[in-house]
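These notes are about the structure you will find just below.
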2 protein chains.
Amino acid sequence: MVSVQEIANLANVSQSTVSKVLNNYPDVSEKTRKKVLEIAKQLGYVPNASAISLVKKKSSIIGVIYEVTSGFGNLFFSAILESFRSNAENNGYTIILLSQNEEKKKEYWMHCVSHNIESVFIISTKDQSVIETELKNHGIATLTLDPLYASSSPISTDNFEAMLLSLHYLYDLGHRAIGFIQGSLHSYVGKERLNAYLHFVKEKNLPSLFIPHIDNALYSLQQGYDTTSTLLNQFDHLDAIACCSDVLAMGAIYCLQDRGYHVPNDISIMGFDDLRISEITRPRLSTIRQDSITIGKIACETLLSMNSSNQSVPPILIKASLVVRNSTKKKESSIISTLYEFQ
Amino acid sequence: MVSVQEIANLANVSQSTVSKVLNNYPDVSEKTRKKVLEIAKQLGYVPNASAISLVKKKSSIIGVIYEVTSGFGNLFFSAILESFRSNAENNGYTIILLSQNEEKKKEYWMHCVSHNIESVFIISTKDQSVIETELKNHGIATLTLDPLYASSSPISTDNFEAMLLSLHYLYDLGHRAIGFIQGSLHSYVGKERLNAYLHFVKEKNLPSLFIPHIDNALYSLQQGYDTTSTLLNQFDHLDAIACCSDVLAMGAIYCLQDRGYHVPNDISIMGFDDLRISEITRPRLSTIRQDSITIGKIACETLLSMNSSNQSVPPILIKASLVVRNSTKKKESSIISTLYEFQ
DNA sequence: TTGAAAGCGCTAACAG
DNA sequence: CTGTTAGCGCTTTCAA
């Protein structure tokens, strides 16, 4: 490993001069700068991150807690991680995957302290409120994606607006009897989506077609199926159903098909997330796309701007977008459909 | 941050003694050891990883290149990463996510050299042969998951045996006209699966029902659909189709359904991978499960046992297992089905 | 069994 | 503009 010392020797200057060149200090003559740079390049100099971290008391490492229970959501989370990583990289930061060591009882914050890490991005399907607090207590800034709790610095899709987008789209298609399949009732994210539905039906003066007490915490196929079944039993008529996830929507479609309905001819179905599966279902799923690229980017920028004295930021909400595929359809008014029948 | 120095002062011993205690050296009296340990605990001592890495010229960091083009396979890769991470963790290692910095022209190996990283696990859907060589040239050991090329130290499912497992299962179900939908013809993994099919039909003296020139490099739904279509046009009769991925298998099912076949009553379909989607298709997919837990574990152990002088290992092959769901069925002999018709 | 001293590779005052 | 010096937190001879 080539050191600053070696470069200094060959260039006939001192270590500090080399250091200044390498760190782009202005107080070095052009001539010296060139010479040093050339020799450094020739020798294939690579700075020693440990030494720098040691002396600067600050590393160029961002911690990431990535604990995602295996599931479809993974694809969304890993897309965000990738976007986050690439942004961190472009800012000269490296990503370390944080974890707890059960055996050695090493906590997350210890890893951070040990590696001089100042900020941590939390991507988790579990409640990490304790860890978040612990990290903050140790002077480490955190940002939490889709927190399940009232995080002091959360980032997520603007779920309220996103669900409204879904509902307005169905409304504009002419649907008025719009059912709703909620996700988790205990997560912030899930509550926001439900609130949007409640707000919407009130505003538009529509019937509220959903089953209040059901908690689809798993966002699973079966939960989608069962909730749809209940919905169908409870309410006479449904034009459309807005679901809180793509997988729930698939469950809804299966249930409707089993009961002899055609999607989208009889009922329109909206998903949420735009996972890859929404491309391979039959019919392909109209849904709401969460913008993983932007979330990763903003998360990174925010975290880099935070520091131990400025550890919290107001909640960050990222805009989602509508993706129209084949599970939704304009409602044909009865008059028109009657006309058609006569043709 | 508490330092060794501080502990030494409070314990009335020297730094070196503290260091010896902390590193479990034997030549310290029990009394001193206890005292030091207690004070360290009281003070909440956390070792400075940079300082240790600097002086030992070796970090406890493993690099991971994780570059997976967005797709269903992601779930498999991320499961492996998770298993790998947890094993590394239990061995006292931390994971760093490696990457190239386009802007600053920083290469993977530079990250490694800079952080004193000795080994790298490559999880990538791209050809990383150049990078693998580059890393090895810099004295960094690598292990590559499912390499697309002839890697010097690959780890993967035993794809030959795994596909054989699939084929034998179909055979035991009574199927004799067994079609095959290959994946990529240019990857090692894809070739192994094809070879298994070729080997199998020859051994059992069965008709070879596959389309040689098709390269389903994307393993996509559409490719599965189209290949099935060609298969159906080309061959009179098919009892079953063994596919090289779950997504290809889904494409096959859609195609068969569109042509009026019932899966599994008319044709049995085998997937490969056991992605989560295989649980939510209709019918649910019988498939081959790749053992991500074991792969991650063995990968980690192997990498930790490698070092700059011992940089290559023979190919590591992990056993896969059969998962039976609803897309496969015992073949009813014509006599029996005829009998049924008379009932 | 303990401690003094040197040094890992680098940066940052500060003096010249 | 350049160099001297000290020191980041730790380990490791080597001497006591």
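Protein chains get the first letters and strands the later ones, always in sequence-line order, with residue 1 at the start of each. These numbers come from the heavy atoms of this one structure, side chains and all, not from hydrogens, waters or symmetry mates. Fair warning: this is a prediction, and the values are worked out from it, not measured in the lab.
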Please check: side-chain N/O of A/Glu67 versus main-chain N/O of A/Gln128, any donor-acceptor pairing under 3.5 Å?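 Flag not set: sc A/Glu67 to bb A/Gln128 has no pair under 3.5 Å.
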
Kindly say whether B/Tyr93 contributes a backbone atom to a donor-acceptor pair with the side chain of B/Asn91 at under 3.5 angstrom?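 Not confirmed, B/Asn91 side chain does not pair with B/Tyr93 backbone.
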
Measure the angle between the two terminal helix axes of the helix from C/dT1-D/dA16 to C/dG16-D/dC1, five base pairs each, and quote it to 10°.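 The end-segment axes of the helix from C/dT1-D/dA16 to C/dG16-D/dC1 are tilted 40° relative to each other.
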
Roughly how far apart are [X] [atom1] and [Y] [atom2], rounded to 0.5 Å?
{"X": "A/Asn159", "Y": "A/Leu317", "atom1": "CG", "atom2": "CG", "value": "8.0 Å"}
{"X": "B/Ile122", "Y": "B/Leu145", "atom1": "CD1", "atom2": "CG", "value": "10.0 Å"}
{"X": "B/Ile318", "Y": "B/Ile293", "atom1": "CD1", "atom2": "CD1", "value": "12.0 Å"}

Does A/Lys297, at its NZ atom, have more than 12 non-hydrogen atoms belonging to other residues, nucleotides or ligands within less than 6.0 Å? no

Would you find more than 12 non-hydrogen atoms of other residues, nucleotides or ligands less than 6.0 Å from A/Lys58 atom NZ?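 Buried by this count: over 12 neighbours within 6.0 Å.
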
First of A/Ser50 and A/Ser16 reached from the 5' end of DNA chain C, by closest nucleotide: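 The residue mapped nearer the 5' terminus is A/Ser50.
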
Judged by each residue's nearest nucleotide on DNA chain C, which is more toward the 5′ side, A/Tyr45 or B/Val28?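 By nearest-heavy-atom nucleotide position, the 5'-most residue is B/Val28.
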
Return the minimal non-hydrogen interatomic distance between [X] and [Y], and the atom names on each side.
{"X": "A/Val64", "Y": "A/Leu81", "answer": "CG1-CD1, 3.9 Å"}
{"X": "A/Thr142", "Y": "A/Met306", "answer": "O-CE, 3.4 Å"}
{"X": "B/Pro147", "Y": "B/Tyr188", "answer": "O-CB, 3.7 Å"}

Name the residue closer to the 5' end of DNA chain D, choosing between A/Ala51 and A/Gln15 according to the nucleotide with the nearest heavy atom.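 Whichever sits nearer the 5' end wins; that is A/Gln15.
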
Check every strand shown and say whether [X] touches a base, only sugar-phosphate, or nothing at a heavy-atom separation below 4.0 Å.
{"X": "B/Asp27", "result": "base"}
{"X": "B/Ser3", "result": "sugar-phosphate"}
{"X": "A/Asn12", "result": "sugar-phosphate"}
{"X": "A/Leu54", "result": "base"}
{"X": "A/Val55", "result": "base"}

Where does the chain B footprint on DNA chain D start and end, counting 5' to 3' with a 4.0 Å heavy-atom cut-off? D/dG9 to D/dT12

Salt-bridge contact B/Lys34-B/Glu38 (side-chain N to carboxylate O under 4.0 Å):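 Salt bridge between B/Lys34 and B/Glu38, a charged N being under 4.0 Å from a carboxylate O: no.
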
Along DNA chain C, first and last positions that approach a heavy atom of chain A under 4.0 Å: C/dG9 to C/dA12

